[in-house]
Protein chains: 2
Amino acid sequence: MSEDRLSRVFAALADPTRRDLVARLSSADATVGELAAPYDVSLQAVSKHLKVLEDAGLVSRESRRAPVRLEAEVFDLMTKWIDRYQQQAEERYRRLDALLDEMQDSTRETSRQQSREQDAS
Amino acid sequence: MSEDRLSRVFAALADPTRRDLVARLSSADATVGELAAPYDVSLQAVSKHLKVLEDAGLVSRESRRAPVRLEAEVFDLMTKWIDRYQQQAEERYRRLDALLDEMQDSTRETSRQQSREQDAS
DNA sequence: CTCGTTGTCAACCAAATGGTTGAGGAGTAC
DNA sequence: GTACTCCTCAACCATTTGGTTGACAACGAG
């Protein structure tokens, strides 16, 4: 679905300069020239970076010379992706802990271990 | 600081195959061979993908043939980065809304507009 | 209308990326 | 110890990426 979108977003944020642009845009809109000023690369290079951010939907503009604006909704897309696997991974940790507890119990009372294995789904 | 780390993490997740690997590892550890099976690329290609994930700290193994495990802590790094700018952007939206409210007030009662401009920092 | 400013497009280049195949290293099983 | 299985390393290739410079399109000010 939005597989491709997610790829573009992550790829866009993989570059430190582009992350810095996002950081700066989070506190104020700015024109391309303003954005390019602090870096020691050409204006064209920054323009390209902005195109990448724009293609990823992280940033938008109403016209060429209009100030660039951060599109904060895209963050939700990432957060949603991350949260899913983070939660799943944490859930697994919890189960692992439970299993380790079981094993410790078994070493203490070895005779009872079979009665505890009902949840081997 | 962990600028470089963040770049590697985002770059790692920019590839759909690698995101799929992460997704699968979030529900169960697996060996390289098991992970490679579903894809129609070579085992070597998957091995490379895993190296990228490993260099980003997203994944780890105790030895070559040991099952690969997802390192969930890295998600915190991303979430922290995202949250900062998401919150900042939302804060700006709130201020913008407030400003728009002010402007609407001004059009209604134009004579009082100067008394409302104390926060022009 | 003309001129200067601002930003993009095009062509080019070096380095990185994602894939391939072939060879080899390290365990495991016999 | 030998053989097999699993995985990685090396070399190579095509494509993408991040940068450059030069030309030019479009807009605002005079």
Side-chain angles (χ1 to χ4, degrees), chain A residues 2-25 28-71 74 78, chain B residues 2-25 28-71 74 78:
Chain A
S2 62
E3 259 307 283
D4 201 51
R5 177 79 181 285
L6 208 46
S7 291
R8 282 197 302 263
V9 171
F10 279 126
L13 295 177
D15 184 279
T17 303
R18 286 194 295 257
R19 276 202 309 281
D20 193 59
L21 286 169
V22 168
R24 290 170 56 206
L25 286 170
D29 295 353
T31 64
V32 175
E34 288 164 356
L35 289 170
Y39 310 115
D40 63 348
V41 299
S42 66
L43 180 72
Q44 288 93 322
V46 176
S47 177
K48 275 194 190 179
H49 280 310
L50 286 170
K51 184 160 181 9
V52 173
L53 290 170
E54 202 166 354
D55 289 347
L58 276 159
V59 128
S60 74
R61 245 178 315 176
E62 287 178 358
S63 70
R64 266 186 28 154
R65 305 171 73 149
V68 179
R69 180 184 43 192
L70 188 63
E71 292 296 332
V74 185
M78 275 189 292
Chain B
S2 62
E3 258 307 283
D4 200 51
R5 177 79 181 284
L6 208 47
S7 291
R8 283 198 301 263
V9 171
F10 279 125
L13 294 177
D15 184 279
T17 303
R18 284 191 297 254
R19 277 202 309 281
D20 193 59
L21 286 169
V22 168
R24 291 171 55 207
L25 286 170
D29 296 352
T31 65
V32 176
E34 288 165 357
L35 289 170
Y39 311 116
D40 63 347
V41 298
S42 66
L43 181 73
Q44 288 94 322
V46 176
S47 177
K48 274 194 189 181
H49 280 309
L50 286 170
K51 184 163 181 7
V52 172
L53 290 171
E54 201 165 355
D55 289 347
L58 276 159
V59 127
S60 73
R61 243 177 317 174
E62 287 178 357
S63 70
R64 265 184 32 153
R65 307 171 74 149
V68 179
R69 178 184 44 192
L70 189 62
E71 292 296 332
V74 185
M78 277 188 291

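Computed from heavy atoms alone, side chains included, the values below leave out hydrogens, waters and symmetry copies. Quick note on labels: first sequence line is chain A, next is B, and so on, each numbered from 1.
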What does the list of N/O pairs under 3.5 Å between the protein and nucleotides 25-30 of chain D look like, with a distance for each?
from: dC27(D); atom 1: O2; to: Arg65(A); atom 2: NH1; distance (Å): 3.4

For a quick test of your reading: what N or O donor-acceptor pairs under 3.5 Å do the side chains of residues 33-46 of chain B make, sequence neighbours left out?
from: Glu34(B); atom 1: OE1; to: Thr31(B); atom 2: N; distance (Å): 2.9
from: Tyr39(B); atom 1: OH; to: Asp20(B); atom 2: OD2; distance (Å): 2.7
from: Tyr39(B); atom 1: OH; to: Arg24(B); atom 2: NH1; distance (Å): 3.1
from: Ser42(B); atom 1: OG; to: Ala45(B); atom 2: N; distance (Å): 3.2

Within residues 37-47 of chain A, those residues having any heavy atom closer than 4.0 Å to DNA chain C are Leu43(A), Gln44(A), Ser47(A)
Original post:
Which part of the nucleic acid does Thr31(A) contact within heavy-atom distance under 4.0 Å: base, sugar-phosphate only, or nothing?
Top reply: sugar-phosphate
If each end axis of the helix from dC1(C)-dG30(D) to dC30(C)-dG1(D) is fitted on five C1' pair positions, the angle between them, to 10 degrees, is 30°
Across all chains, not counting sequence neighbours, the side-chain contact (heavy atoms from CB on, under 4.5 Å) partners of Pro16(B) are Glu3(A), Ser7(A), Arg19(B)
Chain B reaches DNA chain C, atoms under 4.0 Å from its heavy atoms, from dG18(C) to dG27(C)
Which of Val59(B), Val32(B), Thr17(B) passes side-chain contact (heavy atoms from CB on, under 4.5 Å) with His49(B)? Answer is Thr17(B)
So, with a heavy-atom separation below 4.0 Å from DNA chain D, the residues of residues 49-62 of chain A are His49(A)
Going by atom type alone, with no hydrogens or angles, which donor-acceptor pairs under 3.5 Å involve a side-chain atom of residues 50-58 of chain B and a protein atom two or more places apart or on another chain?
from: Lys51(B); atom 1: NZ; to: Asp55(B); atom 2: OD2; distance (Å): 3.2
from: Glu54(B); atom 1: OE1; to: Arg61(B); atom 2: NH2; distance (Å): 3.3

Across all chains, not counting sequence neighbours, the side-chain contact (heavy atoms from CB on, under 4.5 Å) partners of Ser60(A) are Arg69(A), Glu71(A)
All heavy atoms of Val68(B) vs all of Leu25(B), minimum pair found to be O-CD2, 3.4 Å
Sorted by chain and residue number, the salt bridge (Lys or Arg N to Asp or Glu O under 4.0 Å) partners of Asp29(B) (sequence neighbours excluded) come out as Arg92(A)
